[in-house]
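Inspection log for the structure reproduced underneath, given as structure tokens.
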Amino acid sequence: MAVGADIPAPATPLRAWLTGIAGRAEGLLLPVLALLAGFAVFAVFLLLLGKNPATFYALVYKAGFGTAFSWNNTLSRAAPLLFSALCVAVPARLGLVVIGGEGAIVLGGVMAGGLAMLLAGWPAILAMPLLALMAALVGAIWIGAVGALRQWRGVNETIASLLLAYIAIALMNHLVEGPLRDPASLNKPSTAPLAESLRVGDLPGWNVHWGLAVAVVCCILCWVLIERTTTGFGARIAGGNVRAAQVQGLPVTRLVVGFTALGGAFAGLAGYFEVSAVHGSANASLASGYGYTGILVAFLARHNPLAIIPVALLLAGFEASSGLVQRRMDLPDATMTVLQGFVFVSILASETLTGRISLTAWLNRKDTA
Amino acid sequence: MSGDIGLWAVPLAMVGGAIRVSTPFLFVSLGEVITERSGRINLGLEGTLVFGAMAGYALAYMTGSPWIGVLAAAGAGAAFGLLHGLLCSLPRVNDIAIGIALMLLGTGLAFFFGKAFIQPVAPDLPAINLGWWSDLPQVQAALRVNVLFIIGGLLAVALAWMLKRTRIGLTLRVVGDSSDAARALGIRPARVRILATGFGGALAGMGGAYLSLFYPGSWNEGISSGQGLIAVALVIFARWSPVNCFFAALLFGAAGALGPALQSVGVTSGYYLFYAAPFVLTLVVLIASSSKSGALTGAPRELSITK
């Protein structure tokens, strides 16, 4: 049977099942290996400085994931990371690299803090959604403008979004030290503290605020939008090839502005929850770098909204352990930034191995041998 | 003569400030011009600038010579540039994303190793008094020009000549405009791009040394607030011409000097808004100098941001 020689042997059900699993695992394998490689490079870095990497990672585990208390700390930090990662991942589906989420976070926070002063007498059931909505709206306008500039003027979205982040932080400093400043805030200029009725509480039975639940729901909704709707399908086509998308009659401009605005809305919500659940008023603490760590989260998750959830938890754990690691190992506060830098470079460099490491090919290698 | 010159102090302080503030812009943008002419964009120069500031300050403090500091900063910057160039030469690795990662890594490492150097005082780079002809202290202060500014100005002219008239310049332009044409001429595009990115990093590192060794003249974690990023955007505005970079750097230096100049005559309200002036100016300039189709005149054709 000369004809049949070229056709691979019929797959047994077991092998077909294994191949299916392997196909799914392949997408996971490379990022995980890259993450471990980043950790390994950082371990060498610590060794060169005469510090023990085993102690370091053990402390991170203990302070980030070891006890109920550390989990609460980690989960509280995960909420803004989830939102700010969505601000990167959603526009990324259109091939846009938006890195200015920090700007939308601080402006969303200032909007919440400032508006709350006007809504002091309102019933919480009306005022709270309004605050969240307005914070999201500010973020949406801020990052949506990046998409609009890209579409109408061809301005590079990466540079524009980062410039806007610097402008937003300056604007926030101006507002909380000037027009919106509460005269009672002496050492740290802030807006007036939110009325107790407007503050967002904890999830029942947890020590973590509601922002985490909202953020997880937003991740799931984004996954549905991108993977299971025609809009998301159109966005993925436009991200792959703008010309082809236009030929197909896809509304590329509306997609670009819509997706950047949606990403910005999530970052604005991050600011809302930071003010209403964590700080209690808007001040310079809003610019604490969640927007920048969120970039790394999104890239590690390969811009997949569901994958963002575990990645954000992991990086939040590292951030939560930062204080303990600094004290116990006598390391500077930039330690976690260095680690993140190594992991970031590692994950990007690993892109070059895409398709080179194949579990399915390895499983089926006996057929061809 | 008395030192009271009223509101004239503002434009005078801005001229002086433009010269002082523009030097880091000038060095970073000249470096980026060379990198982008080869067809790569390095967004990570903000991180390189900060690391250069730290390395320059640390070495100047340890050796007592600011010039060794400048050399160390250039060396460290070159290392970051070469790393960027090597990583981007791997297939499927995106130069913009690597730039973002190196921005994070550069600032992280600078803060990590720089903690020990926040207190000590390092020697400053020398300045030349071009205001000797005037009795006014404000004029003299404005025209105290640093040697690096003059080197930067000469470098702009030299690089323009190099790009236009030398074999190296031709090689760089061919690689930037078409990898295929370069290969047909027997040039290895990847090698040229790695070297061009390394050179760009070295200049960005020197720009950082200027920050910590002359103006503001000390090392701290707030030393650079986006100058590296502005300088990268400025290259687009300057249309990839080194001489244009010189004038663009002066313009942005003047915008950056607006806040301190107004403060010097007693205007303190809206300090943060003046601080944002260079960023707003950069954005406005970017919007004005871009085009709907994304095609930019004078842009190297292999450049990813204009494709």
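Lettering follows sequence order; numbering is per chain, from 1.
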Residue A:Ile99 versus chain B: region with a heavy atom under 4.5 Å
side chain
Chain A contacts, top residue of B:Ala233, B:Ala97, B:Ala101 (heavy-atom pairs, under 4.5 Å)
B:Ala101
Step through it carefully: locate the ring centre of B:Tyr275, locate the ring centre of A:Tyr166, and say whether they are under 6.0 Å apart.
no
Validation row: B:Leu105, A:Phe342 side chains within 4.5 angstrom (heavy atoms)
yes
Is the number of heavy atoms from other residues, nucleotides or ligands within 6.0 Å of OH (B:Tyr61) greater than 12?
no
Taking A:Gln340, A:Glu177, A:Gln151 one by one, which has the highest count of heavy-atom pairs under 4.5 Å against chain B?
A:Glu177
Can you say whether A:Leu149 sits under 4.5 Å from chain B via the side chain, the backbone, both, or neither, judging by heavy atoms?
side chain
Side-chain contact test, heavy atoms from C-beta onward, threshold under 4.5 Å: evaluate it for A:Val338 versus B:Leu104 and give yes or no.
no
What part of B:Phe113 lies closer than 4.5 angstrom to a heavy atom of chain A: side chain, backbone, both or neither?
side chain
Do the side chains of A:Ile169 and B:Tyr272 get nearer than 4.5 Å, heavy atoms only?
no
Only pairs of heavy atoms separated by less than 4.5 Å count here; which of A:Glu351, A:Met336, A:His174 has the most with chain B?
A:His174
Please rank B:Leu109, B:Ile230, B:Leu273, B:Val93 by heavy-atom pairs under 4.5 Å with chain A and give me the top one.
B:Leu273
Minimum heavy-atom distance A:Ala334-B:Gly108, with the two atoms named:
CB-O, 3.6 Å
May I have the step-by-step check of side-chain contact (heavy atoms from CB on, under 4.5 Å) for B:Ile100 and A:Leu296, ending in yes or no?
CA-CA 9 Å; B:Ile100 300 168; A:Leu296 176 57; over 6 Å; no
Less than 4.5 Å to any heavy atom of chain B: does that hold for the side chain of A:Thr158, its backbone, both, or neither?
side chain
Does A:Asn156 reach the side chain of B:Ile41, with side-chain heavy atoms less than 4.5 Å apart?
no
I'd like to check B:Thr107 versus A:Tyr292 (side-chain heavy atoms, cut-off strictly below 4.5 Å). Are they in contact?
no
When you compare the side chain of A:Ile295 with that of B:Met103, does any pair of heavy atoms fall below 4.5 Å?
no
For A:Thr352 and B:Pro91, which heavy atoms make the closest approach, and how far apart are they?
OG1-O, 2.7 Å
Are there over 12 heavy-atom neighbours, none belonging to B:Arg92, within less than 6.0 Å of that residue's CZ?
yes
Using a 4.5 Å cut-off on heavy atoms from C-beta on, say whether the side chain of A:Asp333 contacts that of B:Lys115.
yes
Whatever's closer than 4.5 Å to a heavy atom in chain A on B:Ala277 counts as neither
Name the option with the most non-hydrogen atom pairs under 4.5 Å to chain A; the candidates are B:Leu286, B:Thr282, B:Ile287.
B:Ile287
Below 4.5 Å from any heavy atom of chain B, which atoms of A:Val155 appear? Answer side chain, backbone, both or neither.
both
Honestly, the part of B:Leu43 sitting under 4.5 Å from a heavy atom of chain A is side chain
Within the supplied structure, the quantity of interest is the number of heavy atoms (other residues, nucleotides, ligands) at a distance under 6.0 Å from A:Phe45 CZ; does it exceed 12?
yes
Chain B contact via A:Ile347 - side chain, backbone, both or neither, heavy atoms under 4.5 Å
neither
Any residue of residues 80-90 of chain B which, by heavy atoms, sits under 4.5 Å from chain A
B:Leu87, B:Leu90
Any side-chain heavy atom of B:Phe112 sitting closer than 4.5 Å to one from A:Leu331?
yes
